[in-house]
Amino acid sequence: MALTIYNTLAREKQVFEPIDRTNVRMYVCGPTVYDFAHIGNARPVIVFDVLFRLLRHLYGEKHVTYVRNITDVEDKIIARAAERHVSIRELTEGTAKIYQEDALALGCLKPTIEPRVTDTMAEIVAMIEQLVRNNHAYAAEGHVLFHVPSDPDYGKLSRRPLDEMIAGARVEVAPYKKNPMDFVLWKPSTGEQPGWDSPWGKGRPGWHIECSAMSEKHLGETFDIHAGGIDLIFPHHENEIAQSEGAHHGKPIANYWMHNGFLQVEGEKMSKSLGNFITIRELLAEKKFGGEQWHGLVLRHAMLSTHYRQPIDWTLDRLTRSRTELMDWARLLHDVAPSADLHEDVLAPLSDDLNTPAAYAALHRMAAAARTNQEDRAHFKRALVFLGLYDNQKDADFLVGQSVDAARVEELIAKRGAARKAKDFKEADRIRAELSSMGVAIEDGPGGTTWKVMS
RNA sequence: GGCCACGUGGCGGAGUGGUUACGCAACGGUCUGCAAAACCGUGUACCCCGGUUCAAUUCCGGGCGUGGCCUCCA
């Protein structure tokens with residue numbers, strides 16, 4: 001089965017052909033750890049985790065290297081640390097830890113490597129020196145800048161003509177820039193600002209160079225897939241290409257570029273000013289969205305119900321439905337042993353540019369079959385586990401922060417059973433209503449009365 | 001202002017130059033003390049206007065709407 005990927009560089013779907021089948025390499029731009037990650041940040045984390053899982057399935061677990069960086073040097077970090085009167089280290093360590101916990105709660109596998117900018121400083125300096133030697137960069141007033149006109153291919157990812165960008169530039173151009181488009185590779189640090197020694201004095205890296213340096217360090221000069229949010233296409237990814245390919249004499253940095261679409265909340269742009277800004281942590285642990293807490297796998301299920309390149313509207317309705325469905329599946333699959341092989345009906349749509357909604361159609365067929373057949377249950381469970389959507393939870397586990405007194409429920413069910421036996425249906429219905437008011441639904445089946453928590 | 005993406009039935013959401021997924025909700029039925037679950041059945045949608053074509057939701061052009069980038073926000 002051929003894997004096809006929509007390559008932003010080519011603006012078309014292409015058959016994926018790895019450089020080295022025994023070491024397939026992917027890089028995803030991770031967070032700048034100055035604050036909690038929001039739900040929009042969760043999208044690439046989840047989506048490209050599915051890609052990681054798929055590649056591991058296709059090429060073998062030991063033959064895929066997934067790098068997701070943590071950017072722990074950046075001006076927003078400096079500002080935030082000063083605001084809170086904590087050290088930069090304290091801020092970045094704490095934020096990075098929460099990010100990693102969030103990713104785990106969202107059902108994501110740990111990346112192979114999670115490099116930090118602060119551990120990559122020597123490589124960053126070396127790459128900048130190489131760019132200077134290759135006449136792609138110049139030093140000026142303690143800064144080192146990438147000279148955009150030195151790269152005739154500049155703009156090939158975002159497909160923006162240079163002259164147009166310069167014309168549209170709204171920022172004041174720093175006087176030391178040879179060209180308005182030139183961007184910073186290294187900038188001087190003074191006073192309290194974190195800094196590292198370099199040939200250009202004490203300073204710190206610009207925004208884009210860290211990804212070029214970290215990807216080269218861990219994946220080599222050319223690797224297979226580079227991914228991130230669509231808003232990173234310009235300028236971040238464009239500049240990464242310019243840096244890496246400038247340093248490596250034109251060798252491509254990555255063969256395939258993948259970008260996930262944007263997320264909105266209840267039909268509006270998520271922003272602090274609109275008051276609809278929502279972090280992953282708030283969804284998981286606080287009752288801030290719809291007055292409820294949400295299980296990480298419910299969030300994952302909701303996120304994957306739209307194709308990754310489409311815009312997604314993050315709504316309460318979507319989460320509620322995702323939870324209901326997951327609970328239904330859990331009732332079917334709890335304690336079922338998964339089958340060894342992954343069903344082709346799920347694999348095929350995933351292999352078509354991660355078409356998760358089409359894969360979900362297959363899951364629904366499998367769910368229907370699983371209701372009557374043990375073998376189908378095993379296949380269905382295998383598929384859900386593969387997608388990271390299920391890890392043997394009970395249905396009520398997906399109702400976070402709600403608790404039901406199980407002993408009391410069982411007691412009422414027994415009383416109702418006695419009333420039914422005595423044909424006192426009025427009393428039986430009263431007890432049903434009482435349970436219902438507790439949020440418990442009951443079902444009389446051939447094996448007795450079962451109950452579930454209503455979502 | 002420039003560039004780009006998206007606009008599918010009540011809702012979510014794939015996909016396709018002709019045979020129109022899938023899920024939720026709704027409605028009808030079987031079953032049930034009543035229900036629920038399960039099962040069976042019902043519902044012909046593709047923003048607007050032109051164009052190409054035997055045929056367009058699908059291709060092209062224009063418009064409208066929503067969003068993104070151009071301003072170190074994924």
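We name chains A, B, ... by the order of the sequence lines, and we start the count at 1 in each one.
Side-chain atoms of A:R309 and base atoms of B:G68 include no donor and acceptor less than 3.5 Å apart. Side-chain atoms of A:H38 and base atoms of B:A74 include a donor and an acceptor less than 3.5 Å apart. No hydrogens or angles were tested; on distance alone, a donor-acceptor pair under 3.5 Å links the side chain of A:R321 to the base of B:C11. Judged by atom type and distance alone, A:D429 reaches the base of B:G33 through a side-chain donor-acceptor pair under 3.5 Å.
Rounded to whole Å, the separation between the C1' atoms of B:C24 and B:C3 comes to 38 Å. Nucleotides B:A26 and B:U19, compared at atom P, are 30 Å apart to the nearest Å. Spacing of P atoms, B:G63 relative to B:U71, comes out at 26 Å, to the nearest Å. As rounded to the nearest Å, B:A56 and B:U52 have C1' atoms that lie 10 Å from one another. Separating the C1' atom of B:A21 from that of B:U58 is a span of 15 Å, rounded to the nearest Å.
A:R68 pairs with exactly one of A:V45, A:I113, A:T112 by the side-chain contact (heavy atoms from CB on, under 4.5 Å) rule, that one being A:V45. Partner of A:H38 under the ring-ring contact (aromatic ring centres under 6.0 Å, His included) criterion, chosen from A:F289, A:F277, A:Y99: A:F277.
In this entry B:C6 has B:G65 as its Watson-Crick or G-U wobble partner, both defining distances falling under 3.5 Å.
Under 4.0 angstrom from either OP1 or OP2 of B:G13 there lies at least one side-chain N or O belonging to A:R318. Listed pair A:T306 / B:G13 meets the phosphate criterion, a side-chain N or O lying under 4.0 Å from OP1 or OP2. Using a 4.0 Å cut-off, no side-chain N or O of A:K423 falls inside it from OP1 or OP2 of B:G33. For B:A38, the OP1/OP2 oxygens have a side-chain nitrogen or oxygen of A:R371 closer than 4.0 Å.
Annotation: salt bridge (charged side-chain N to carboxylate O under 4.0 Å, His left out) contacts involving residues 367-390 of chain A, sequence neighbours excluded, comprise A:D328-A:R371.
Formation of a donor-acceptor pair under 3.5 Å by the A:K202 side chain with backbone atoms of A:G195 is not found in this model.
Checked against the 6.0 Å centroid threshold, A:F183 and A:W207 do not count as a close aromatic pair. The distance between the ring centers of A:H259 and A:H237 falls below 6.0 angstrom. The aromatic ring centres of A:H301 and A:Y360 sit less than 6.0 Å apart.
A heavy atom closer than 4.0 Å to some atom of RNA chain B occurs in A:E74, these being the qualifying members of residues 67-75 of chain A.
Nearest to the side-chain atoms of A:H307 among the listed nucleotides B:A14, B:A74, B:C34 stands B:A14. For A:D317, whose side chain is taken as the heavy atoms from C-beta onward, the closest listed nucleotide among B:C39, B:A14, B:C11 is B:C11. The side chain of A:N260 approaches B:A74 more closely than any other nucleotide in the set B:A14, B:A74, B:C11. Checking B:G13, B:C22, B:G67 against every side-chain atom of A:A361, the shortest atom distance belongs to B:C22. The side chain of A:P357 lies closest to B:G13, out of B:A74, B:G13, B:G23. The nucleotide whose nearest atom lies closest to any side-chain atom of A:A368 is, among B:C70, B:A35, B:C39, B:C39. Counting only heavy atoms from C-beta on, A:Q310 has its side chain closest to B:A14 among B:A14, B:C70, B:G68. Listed nucleotides: B:C22, B:C69, B:C72. Nearest to the side chain of A:D231: B:C69. In this structure, the nucleotide among B:C11, B:C39, B:G67 sitting nearest to the side chain of A:Q264 is B:G67. Comparing B:C72, B:A14, B:A37 by their nearest atom to the side chain of A:N355 picks out B:A14.
Both stacking criteria are satisfied for A:F262 over the base of B:A74: a centre-to-centre distance under 5.5 angstrom and an angle between ring planes under 30 degrees.
Enclosure of atom CZ in A:R89 is not indicated, since only 12 or fewer non-hydrogen atoms of other residues, nucleotides or ligands lie within 6.0 angstrom.
For the pair A:R43 and A:Y308, the NZ or CZ position fails the cation-pi test of under 6.0 Å to the six-membered ring centre and within 45 degrees of the ring normal.
Mapping A:K426 and A:A367 onto RNA chain B via the closest heavy atom, the residue that lands nearer the 5' end is A:K426.
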